[in-house]
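This report concerns only the one structure given below.
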Amino acid sequence: MFTFTLLAVLFILFKLILIVEMREVCVIERLGKFRAVMQPGIHFLIPFFDRVAYRHETREQVLDIPAQSCISKDNIQIDVDGLVYIKVMDGAKASYGIEDYRRASVNLAQTTMRSEIGKLNLSQTFSERDTLNETIVREIDKASDPWGIKVLRYEVRNITPSLNVIHTLEKQMEAERKKRAEITLANAERDSVINLSEGQRQHAINLSEGDKQKQINEAEGRAQEIEIIADATANGMGLIAQAAKQPCGDEAIKMRLMQAFIQQTGDIINEADVSIMPTEIAKLEGFFKGMDNVTANVQGGK
C-alpha cells in the first residue's frame, strides 16, 4: 500500500512540475484548450487538467530542400536544390497555425524556387544567385508569417542542367573560345600591318628629312666655298695691287700673266682631240705688246 501511495505521489509531482529547457518552448493546453506558452525554466501545472501539447525548438533550424526540376525563362530544364534556415518565433502559431511547419516550409521553398527560376534565363540563375536567394526568402517569409516562424535565409546549393543542355553549352563555349581566338588573331594581324605601315612611313620621313638636311648642308657648304673663294680672290687682288706699286712690280706682273697664258694654252692643246694651231701667230706678239702698254700705263700712273 505504501508503495502505491509513493508512486501516486511521484506521478502527481511529475505532472505538477514542468521544466522547460533553454533551447525550447512548450505549449500548454488545459482540458484541450490552449492555455499558455511556457518559456525556459520551471513551471507548475495542474495535474490531469494541464498537459504539454507541443514542444518547439527555438534554435535556428536548417531544412534541406530536395532537388527538383525547374524550367528557366529560356525553356531549359535544370535541377535545383538548396537549404532554408528558419526559426520559431511564436510557439502558439507554430502549433495551431500549421500542421507541420517544417514540411510546409520545404514545400513552400520548392514552389517559390520554381516560380523564381522561371523568371530567369539559365545564365542569370548562375550569375544572380544572391538576388534569387533574397527573393525566395522574402516570398517564403511573407507566406509563413501566420505560422509563427521566421525565414532567416535561403541558399541555392546546386544548379544542374540536363546532360543535353550541358553538352550544348560545352559546344557553345568551344565555339565562343574559337571566335575569341580568331578575333585575337585578326586584331594581331591588323596591328602588325598598322605597325609595318607606320614603320615604312617613319622610314620615308627619316629619308626625306635626311635628304633635306643633306641638301641644306651642301648648299651651306657651297655658300661657304663661294664666300671663301671670294675672300681669297679679293685678298689676292689686294696683294697684286700692292705688289704693282713696288719697284719692278709691273715686270713681275707681266711675267706672271705670260706664264699663265702659256700654261693655259698648253693645257688646251694637250686636252683637245684635234691639234689646234693659232692661225694668226702675230696675235701673240700683239698680246705681248699690249702687255707692255699696260705696264707702261701702270708706271705712268705712278
Side-chain angles (χ1 to χ4, degrees), residues 121 123-124 126-128 169-302:
N121 295 326
S123 59
Q124 292 176 322
F126 292 99
S127 61
E128 299 184 8
L169 291 176
E170 288 177 351
K171 287 186 176 180
Q172 182 179 357
M173 293 175 62
E174 183 179 358
E176 188 68 23
R177 286 194 295 267
K178 185 180 294 185
K179 175 183 176 182
R180 288 198 297 267
E182 291 177 354
I183 292 174
T184 303
L185 291 176
N187 290 335
E189 185 176 357
R190 181 194 64 185
D191 294 340
S192 176
V193 173
I194 292 174
N195 292 335
L196 181 61
S197 63
E198 288 291 336
Q200 293 175 349
R201 173 175 172 270
Q202 190 63 40
H203 178 66
I205 291 174
N206 293 338
L207 289 178
S208 63
E209 290 291 337
D211 185 63
K212 174 184 176 182
Q213 190 63 41
K214 177 183 176 183
Q215 294 178 5
I216 292 173
N217 293 338
E218 290 179 351
E220 291 178 351
R222 286 194 297 270
Q224 292 177 0
E225 180 183 1
I226 293 172
E227 183 180 359
I228 293 172
I229 292 174
D231 292 340
T233 303
N235 293 332
M237 294 299 292
L239 294 175
I240 291 174
Q242 293 178 1
K245 296 178 181 181
Q246 300 295 328
C248 299
D250 53 347
E251 297 294 334
I253 293 173
K254 182 173 67 174
M255 182 61 67
R256 180 58 182 165
L257 291 174
M258 292 174 61
Q259 289 178 353
F261 177 79
I262 294 171
Q263 182 179 359
Q264 290 181 0
T265 303
D267 292 338
I268 293 172
I269 294 173
N270 291 330
E271 292 179 0
D273 294 333
V274 179
S275 299
I276 299 175
M277 292 298 292
T279 57
E280 297 179 358
I281 302 299
K283 290 183 179 181
L284 293 175
E285 182 180 0
F287 172 77
F288 292 117
K289 290 181 179 179
M291 294 302 301
D292 291 337
N293 293 330
V294 172
T295 303
N297 292 331
V298 172
Q299 290 176 353
K302 294 180 180 179

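The figures here come from the full heavy-atom set of this structure, side chains too, leaving out hydrogens, waters and symmetry mates.
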L207 CG to Q202 CD distance, which is reported to the nearest 0.5 Å: 10.5 Å
What's the spacing between D191 CG and L196 CG if we round to 0.5 Å? 12.5 Å
Look up atom CD in E220 and atom CD in E227, then write down how far apart they are to the nearest 0.5 Å. 12.0 Å
For the CD atom on E176, are there more than 12 heavy atoms of other groups (residues, nucleotides or ligands in this structure) within a distance under 6.0 Å? yes
Tell me, yes or no, whether the heavy-atom count around E218 atom CD, taken from other residues, nucleotides or ligands under 6.0 Å, exceeds 12. yes
Is the shortest distance from a Lys or Arg side-chain nitrogen in R201 or E198 to a carboxylate oxygen in the other one below 4.0 Å? yes
Using a 3.5 Å distance criterion without hydrogens, assess whether the side chain of S208 forms a donor-acceptor pair with backbone atoms of A204. yes
Gap separating the CD atom of E189 from the OG1 atom of T184, nearest 0.5 angstrom: 13.0 Å
At what distance, to the nearest 0.5 angstrom, does CZ of R190 lie from CG of N195? 10.5 Å
Between atom CZ of R180 and atom CG of N187, what is the distance when rounded to the nearest 0.5 Å? 13.5 Å
